[in-house]
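Okay, structure first, notes after.
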Amino acid sequence: MKKYKNSIFYLVVTGVFLFLMYLIINKGKTLEANETIVSPISDKGSWGDFIASMLHNFQDPLAILLAQIITIILVARIFGWIFKKIGQPSVIGEIIAGIVLGPSLLGLYFPEVSAALFPVASLGNLKFLSQIGLILFMFVIGMELDLKVLKNKANEAIVISHASIIIPFTLGIGLAYFVYNQFAPEGVKFLSFSLFMGIALSITAFPVLARIVQERGIHKTKLGAIVITCAAADDITAWCILAVVIAIVKAGTFVSSLYIIMLAVLYVAAMIYIVKPFLKRIGDLYGTKDSIVKPVVAIFFLVLIVSSYATEVIGIHALFGAFMAGAIMPDVPKFRTIFIEKVEDVALILLLPLFFVFTGLKTEIGLLNDPYLWKITGFIILVAVVGKFFGSALAAKFVGQSWRDSFTIGALMNTRGLMELIVLNIGLELKVLTPEVFTMMVIMALVTTFMTGPALDLINYIFDTKDGPEQAELSDDSKFKILISFGNNEKGKSLLRIANSLVKKQKNTASVTVMHLSLSDEVHSFNLEDKEKNSFHPLVEESQILKQEITTVFKATTDIETEIADVANQGDYDLLLIGLGKSIFEGTILGKVIGFTTRIINPDRLIDKFTGKEGLFENSPFDERTRQIISKTKMPIGILIDKDLQQVNQVFIPVFSSEDYFLMDYVQKLIYNNNCKIILLDVNGRLTTNFVMNSAIQSLEQQFPNNISVITDKIIKKDFLDQQDLMLISLESWKALVDSRSTWLSGVPSVLIVKQ
């Protein structure tokens, strides 16, 4: 009755008020008598009027801006992904995406499309949005700076970083002397032009450098600590110099700029001695709480905006204020992590690509239409590399670094990336740089960033960095070495239990290495140690329970699958253990099928989803990710489908083919090291007909009669499967098992699929 009552009330209310609206609208038409009605669409509502209305909507400023954002994000993601795949920072791809969408390519070959997508009148909106992205990005850069590292390596770092600034800065001023008459904008003083040329050649891209150091796995070495410290000192010094240069350019003379510099000094003092203690107090109060309330978040963002506004009004650019606001954030990793997570996605994915395209729209490669201009571009690149690369390398050698480490520091400090573009855009905005010089400098930024990776590879090749104690350890062929690569802590613990069951009694002749990889854009220098510690803490505790010694490896990378294969191959491991993480498969058909949840799925439905028309691995995340690792590695791989594996006492092994003979090695290790009870299912009679497998089983039965048994049952009961801890199976037999449409598949325990 209540159901009908609600329906009646709904119909009465809507009916009455719809009738009232109809009466009011009809009555309102009488008000039009003395008014001139202008409508963009005729009363007839023709198809032509509809098309005209739609075209008008497409030309609306908001519609144009949204279309620009969609296009920019898609193209930037595609180019970023391509350059990641060839081992380059994604920022290079995003910069090139901006150039592609600008007059250098899209505007040159498809001028109508370029004019429709990026009309001149719309560029103002694009500029301001990109500036907001830069402000947020510089806030993140300030937070990523770990000022504590400056205390530890201050002497060496300051010598190297300041040499890496003063040498290219001087060369930049010298370069300006030769190109001023020909390339400086009309009316710009030599002082302004030369200072900007100097600062443009002196910048190092701290974010790109930090990620390269993490990806190369040298962040925990003495070299890594020094180069990170150098980059941090370089960043702080360069931005302070840039603020002074901007002040001088805007004031016209050095004397006039002193007023701006004095205001800037007062601003910095206020931020350090007033605002920073205030924020530290907030950090102490809220840093230990489970969550940070929104008013506290609002305070920090307000500090960012006010700081940016203050420096813009003073005359040293809003970006310096954003950088300063990030640098004085409380030294609480939780705070910095939360704010980076809140800001980074919006800044890096949504707004920053707008800056790349806005830069690309001002970069006209076609302006360099003379061989002489390309010679000047090459000369600029040469001066930039000599000043930064060799300047840093020579300074590093002077303070006592080896030639290998010195050249490595030089190659890393020569990375310019996005930071260079920021400086160049400021110069173009202040009309200190001409479009021709701007384009030359953008090309220089791309080349010096692109060459970092190949330069490091060449340095390592020349100095043969593979010798040393690490290689001596790896050359021990007598050990059975297992590498575990995990992403999820629980899956990592399960993999460790399997590894321990294989080597428990062979501590002197076996080793277990546990590796955790993070995407480089998710790792920041300030929380690197905490992230590493938190990643391994559960596994270290588990290793202590198991009394299993482990070696930990933590690395940042742009390509996790390739990095796993590279580490495994270079370390000459005997077995690589990986897990199918829930984060990869959650919500997918494969995740539902192979038991990331504990519920039992109907066997017929399970088989249908597993096989389907395309086969076992077609169109599944398992195929996409795991096959990459399998194809690139040169040792056996164990792929764990984890159903909360707690122990490895009862192991069930279905054998479909005589090619499964290699599993006998694992059977022997499991029995000897862990006293496992092994049950072999002889599916096709291969255990008795294959001489190698039959001999191995007979030998094990004689030595361990209570630990191994063979069954031939075609029907496997659920009670039997419930008693098993692990199913060990070869990859080919796993395919055959699924193809056989066995009804007991839904009840299998944790599964270790081994590919020989």
Would you give me the side-chain donor-acceptor pairs under 3.5 Å for residues 13-27, sequence neighbours excluded?
{"unit_1": "Thr14", "atom_1": "OG1", "unit_2": "Tyr10", "atom_2": "O", "d": "2.8"}
{"unit_1": "Thr14", "atom_1": "OG1", "unit_2": "Leu11", "atom_2": "O", "d": "3.2"}
{"unit_1": "Tyr22", "atom_1": "OH", "unit_2": "Asn26", "atom_2": "ND2", "d": "3.1"}

Please list every donor-acceptor pair under 3.5 Å in which a side-chain atom of residues 353-362 meets a protein atom from a residue at least two apart or in another chain.
{"unit_1": "Thr359", "atom_1": "OG1", "unit_2": "Phe355", "atom_2": "O", "d": "2.8"}
{"unit_1": "Thr359", "atom_1": "OG1", "unit_2": "Asn425", "atom_2": "ND2", "d": "3.0"}
{"unit_1": "Lys362", "atom_1": "NZ", "unit_2": "Asn425", "atom_2": "OD1", "d": "2.5"}

What donor-acceptor contacts under 3.5 angstrom involve side-chain atoms of residues 311-324, with partners at least two apart or in another chain?
{"unit_1": "Thr311", "atom_1": "OG1", "unit_2": "Ser307", "atom_2": "O", "d": "3.2"}
{"unit_1": "Thr311", "atom_1": "OG1", "unit_2": "Ser308", "atom_2": "O", "d": "3.0"}
{"unit_1": "Thr311", "atom_1": "OG1", "unit_2": "His317", "atom_2": "O", "d": "2.9"}
{"unit_1": "Thr311", "atom_1": "OG1", "unit_2": "Gly321", "atom_2": "N", "d": "3.2"}
{"unit_1": "Glu312", "atom_1": "OE1", "unit_2": "Ala318", "atom_2": "N", "d": "2.9"}
{"unit_1": "His317", "atom_1": "ND1", "unit_2": "Leu319", "atom_2": "N", "d": "3.2"}

Indicate every side-chain donor-acceptor pair of residues 299-306 with a distance under 3.5 Å to a residue at least two apart or in another chain.
none

- Task: Mind running side-chain contact (heavy atoms from CB on, under 4.5 Å) on Leu279 and Ile328 for me, showing each step along the way?
- Result: CA-CA 8 Å; Leu279 296 181; Ile328 65 167; 4.1 Å; yes
- Query: Given the rule in the side-chain contact (heavy atoms from CB on, under 4.5 Å) test, do Leu352 and Leu134 qualify, once you have shown the distances and angles that lead to the verdict?
  - Reply: CA-CA 6 Å; Leu352 209 55; Leu134 282 181; 3.7 Å; yes
- Can you check side-chain contact (heavy atoms from CB on, under 4.5 Å) on Ile72 and Phe118, steps first, answer last? CA-CA 11 Å; Ile72 289 167; Phe118 298 106; 4.2 Å; yes
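In this structure, the separation between CG on Leu424 and CD on Glu429 is 12.5 Å, given to the nearest 0.5 Å. Atoms CZ and CG, on Arg416 and Leu421 in that order, are 12.0 Å from each other to the nearest 0.5 Å. The distance from the OG atom of Ser122 to the CD1 atom of Ile64 is 5.5 Å, given to the nearest 0.5 Å. From Ile282, atom CD1 reaches atom NZ of Lys280 across 12.0 Å, with rounding to the nearest 0.5 Å. How far CD1 of Ile73 is from CD of Glu94: 10.5 Å, rounded to the nearest 0.5 Å. Here the straight-line distance linking atom CZ of Arg77 with atom CD1 of Ile82 works out to 12.5 Å at 0.5 Å rounding.
Here the closest heavy-atom approach between residue Gly93 and residue Phe79 is recorded as O-CB, 3.1 Å. Residues Ala347 and Leu136 approach most closely at CB-CB, 3.7 Å, considering heavy atoms. Between Glu364 and Thr439, the shortest heavy-atom contact is N-OG1, 3.3 Å. For Leu433 against Leu428, the heavy-atom pair with the smallest separation is O-CD1, 3.3 Å. When every heavy atom of Ser494 is checked against every heavy atom of Asp642, the shortest pair comes out as OG-OD2, 2.9 Å.
Between Lys491 and Ile578, the closest side-chain pair of non-hydrogen atoms is not below 4.5 Å. Put simply, the side chain of Met271 does not reach to within 4.5 Å of the side chain of Lys276, judged on heavy atoms. Looking only at side-chain heavy atoms (C-beta outward), Ile443 and Ile365 come within less than 4.5 Å of each other. The side-chain heavy atoms of Glu436 and Met441, taken from C-beta on, include no pair separated by under 4.5 Å. Proximity of Lys431 to Pro185: side-chain heavy atoms (C-beta onward) are nowhere separated by under 4.5 Å. In this structure, the side chains of Leu640 and Val751 stay at 4.5 Å or more apart for every pair of heavy atoms. Side chains of Leu446 and Ile99 form a contact here, defined as non-hydrogen atoms less than 4.5 Å apart. Using a 4.5 Å heavy-atom threshold, the side chains of Val343 and Phe137 count as separate.
Under a 3.5 Å cut-off, the side chain of Gln68 and the backbone N or O of Leu117 do form a donor-acceptor pair. For Ser130 (side chain) and Leu126 (main-chain N/O), a donor-acceptor pair under 3.5 Å exists by modelled atom type.
Listed by first and then second residue, the salt bridge (charged side-chain N to carboxylate O under 4.0 Å, His left out) pairs involving residues 292-309 amount to none (not counting sequence neighbours).
The side chain to side chain contact (heavy atoms under 4.5 Å, CB included) with Ile246 is formed by just one residue from the set Val423, Val432, Ile426; it is Ile426.
Considering only residues two or more places apart in sequence or on other chains, Phe486 meets the ring-ring contact (aromatic ring centres under 6.0 Å, His included) condition with His516, Phe536.
In Lys250, the NZ atom is crowded: over 12 heavy atoms of neighbouring residues, nucleotides or ligands sit closer than 6.0 Å.
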